[in-house]
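Numbers for residues simply follow the sequence, beginning at 1. Just so we're clear, the structure is a prediction, and the values are computed from it rather than from any experiment.
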Amino acid sequence: MIGWTGTASHAITLSNIVEGVTEHGYSNHLARLYTHIGESRGFTDGDSPRTPLPQHDLACDYMVSNFTAWGYDTWLDPFEFDVNFTYDNDSNSYHYADCNNVVATKWGSGGTNVFLLIAHYDSVDSGHRNVTMGPGADDGASGVAAQLTIAEAIKDYVFKDTIVFVACDAEEKDYQGSIYFRNNHVTENPAETNATTFLKSAIRACVNLDTIAYDDTNNVPQVVIGTLSGWNPVVTAVSSAMSKYTELTPRFKTGYDSSDHISFANIGIDSIHVIEYDFSDYWGDGFTPNPNYHSDFDAIDAPNYLKFDYAAEVTKGIAGALCEYATPIPPATLMETVGSNAVTVSWICAPNVDYRLYGACNLASNDWTFIQDIPATGMVTELRVELDLACVPQTMFKVIGE
């Protein structure tokens, strides 16, 4: 991240980034995840091995192509499993094959923390209760659409810490995708970390987005932040961001044990489940909960069902929380002021980011000489470094945030 001598830049605010999350962008991604009536991202319903339906893999391809085009370190995480997944009249064990988590990493610049944003892209299978073809627009493509919308909004920004998007497969099969990722890509041994394996102690937060697009009451729009058991710091961070960047009212509740976040909560990682308030009558308010859950009509084109403006607001809140956690580093466009005996170099800095100042005599040689370390501040502000011309022969300068 380099800034050249030139006109001073304005500081990037988190609101600038969050405003890149739009209702149009969100609904566009949701529509392309095969979420219409008659579509399905589930698995075959029959003898083993059970394998993904064609639209399951097409949705996978859509995610991979977008994350890759936006510059993320993107990879498939293949797995298979056996499970006794009981339907109404079937209690046999089945083998599921050709499953894939989709993982996209935005590597941080100098930071050591990792933040997981997870959602599941599989939908409930045909054969589950009365389902014929489960589009799963709300459960759980709504969370994947939020992942894609956030990833697109932040793609051109540099962050101090690392953000990992995990679109989990087989959530509807007792969270097999998130369990596989946790068991194979999270370690307590620093020597085992690499481009696909993350240190458990470095994972500051796991935010799970599952069913976030249905809002029936529309009086006081609310969003639920749930945990497996008890409060954790991620609840505070996300609640604060929801209040700061959206018109939603956050509500907190424990006992959430039915989605992918529990795979990480069970090993001590601070994890939350973000879910629509109207999914269930949590507090006895008396409204009718989501009518299309696990049905053929959990679809983007079901009449009077999903609310894209609501889902986009939830997505904005999560984007704000994620950016506050990971700390964006503004481009350091330098301003140079030359006096009789000194040159002053200044730029807008990000909070909690250390900088290193380098100089060169000309750009053609690309021979940069280290000049000075500039320690981090706790705020967005202008930094100024005055250099004695008698001691500094360079005429071109750059700063790198670390």
Side-chain angles (χ1 to χ4, degrees), residues 25-69 74-81 83 85 87 94-104 118-149 151-152 165-173 175-178 180 209-214 259-260 290 292-303 305-306 308 311:
Y26 179 90
S27 61
N28 179 64
H29 287 305
L30 187 61
R32 284 162 173 75
L33 288 168
Y34 301 91
T35 53
H36 298 80
I37 293 173
E39 298 180 330
S40 176
R41 297 180 313 284
F43 289 75
T44 55
D45 178 38
D47 295 334
S48 297
R50 291 184 167 183
T51 56
L53 295 175
Q55 290 166 341
H56 170 286
D57 286 354
L58 290 172
C60 179
D61 292 343
Y62 178 75
M63 290 183 286
V64 170
S65 63
N66 276 283
F67 281 129
T68 302
T74 307
W75 46 281
L76 290 177
D77 183 28
F79 64 97
E80 54 188 56
F81 61 93
V83 66
F85 193 68
Y87 292 121
Y94 295 97
H95 182 73
Y96 285 80
D98 301 331
C99 311
N100 278 290
N101 295 324
V102 178
V103 187
I118 67 174
H120 75 91
Y121 73 94
D122 63 309
S123 61
V124 68
D125 293 346
S126 60
H128 179 76
R129 304 297 190 265
N130 297 314
V131 173
T132 302
M133 291 288 280
D138 196 26
D139 180 25
S142 63
V144 176
Q147 285 183 314
L148 291 166
T149 305
E152 186 173 16
F165 298 86
V166 186
C168 299
D169 203 354
E171 186 270 354
E172 300 290 355
K173 313 297 181 294
Y175 330 118
Q176 295 296 325
S178 57
Y180 183 85
L209 305 177
D210 190 358
T211 61
I212 62 166
Y214 173 72
S259 194
D260 283 316
N290 187 321
N292 293 343
Y293 172 68
H294 280 193
S295 78
D296 291 352
F297 299 99
D298 182 6
I300 196 171
D301 47 352
Y305 180 44
L306 299 183
F308 302 132

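Taken to the nearest 0.5 Å, the CZ atom of F308 stands 4.0 Å off from the CD1 atom of I300. Between the CD atom in E39 and the CG atom in D301 there is a gap of 8.0 Å [rounded to 0.5 Å]. For the atom pair CG (D122) and CG (L53), the distance works out to 11.0 Å, reported to the nearest 0.5 Å. Atom CG of L33 sits about 9.5 Å away from atom CG of N28, to the nearest 0.5 Å. Note: D296 CG to M133 CE = 9.0 Å, rounded to the nearest 0.5 Å. If you take CD on E172 and CZ on F43, they are separated by 10.5 Å, rounding to the nearest 0.5 Å.
When side chains are defined from C-beta on, T132 does not count as touching S126, because their heavy atoms never get closer than 4.5 Å. N292 has its side chain within reach of N290: a pair of non-hydrogen atoms, C-beta onward, lies under 4.5 Å apart. Side-chain contact check for N66 versus H29: some heavy-atom pair is nearer than 4.5 Å. Here the side chains of L209 and I118 are not in contact, with every heavy-atom distance at 4.5 Å or above.
A distance-only check finds a donor-acceptor pair linking the side chain of T35 to the backbone of L30 [under 3.5 Å]. Proximity of a side-chain donor or acceptor of D169 to a complementary backbone N or O of N101 within less than 3.5 Å is not detected. Checking side-chain atoms of S123 against main-chain N and O of S40 turns up no donor-acceptor pair under 3.5 Å. Under a 3.5 Å cut-off, the side chain of D139 and the backbone N or O of T211 do not form any donor-acceptor pair. The backbone N or O of I212 sits less than 3.5 Å from a side-chain atom of S142, completing a donor-acceptor pair. For Q147 (side chain) and V166 (main-chain N/O), a donor-acceptor pair under 3.5 Å exists by modelled atom type. Put simply, the side chain of D98 never gets that close to the backbone of T51: no donor and acceptor are under 3.5 Å apart.
For D210, the side chain to side chain donor-acceptor pair (under 3.5 Å) partners two or more places apart in sequence, or in a different chain, are H120, S259. Under the side chain to side chain donor-acceptor pair (under 3.5 Å) criterion, Q55 pairs with no residue, sequence neighbours left out. Partners of F81 according to the side-chain contact (heavy atoms from CB on, under 4.5 Å) rule, which considers only residues two or more places apart in sequence or in another chain, are F79, V83, Y96, C99, A170, K173, Q176.
Heavy atoms from other residues, nucleotides or ligands lying under 6.0 Å from CZ of F297 number 12 at most.
Residues A97 and P52 approach most closely at O-CD, 3.4 Å, considering heavy atoms. Residues G140 and R41 come closest through the heavy atom pair N-NH2, 4.1 Å. Summarising the geometry of G38 relative to P135, their closest heavy-atom pair is N-CG, 4.3 Å, with the distance given to 0.1 Å. In plain terms, the two heavy atoms of H56 and G42 that are nearest each other are CB-O, 3.8 Å. Contact detail for D138 and D298: the closest heavy-atom pair is N-OD1, 2.8 Å. Residue V144 comes nearest to A119 through the heavy atom pair N-CB, 3.7 Å, listed as atom of the first residue, atom of the second, then distance.
Stacking of R50 on the aromatic ring of Y94 is recorded, both the 6.0 Å distance cut-off and the 45° axial limit being met.
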* To do: Any chance you could lay out the side-chain contact (heavy atoms from CB on, under 4.5 Å) test for V124 and Y293, step after step, and finish with the verdict?
  => CA-CA 10 Å; V124 68; Y293 172 68; over 6 Å; no
* Which is it for L76 and V102 under the side-chain contact (heavy atoms from CB on, under 4.5 Å) test, yes or no, and what are the steps along the way? -> CA-CA 5 Å; L76 290 177; V102 178; 3.8 Å; yes
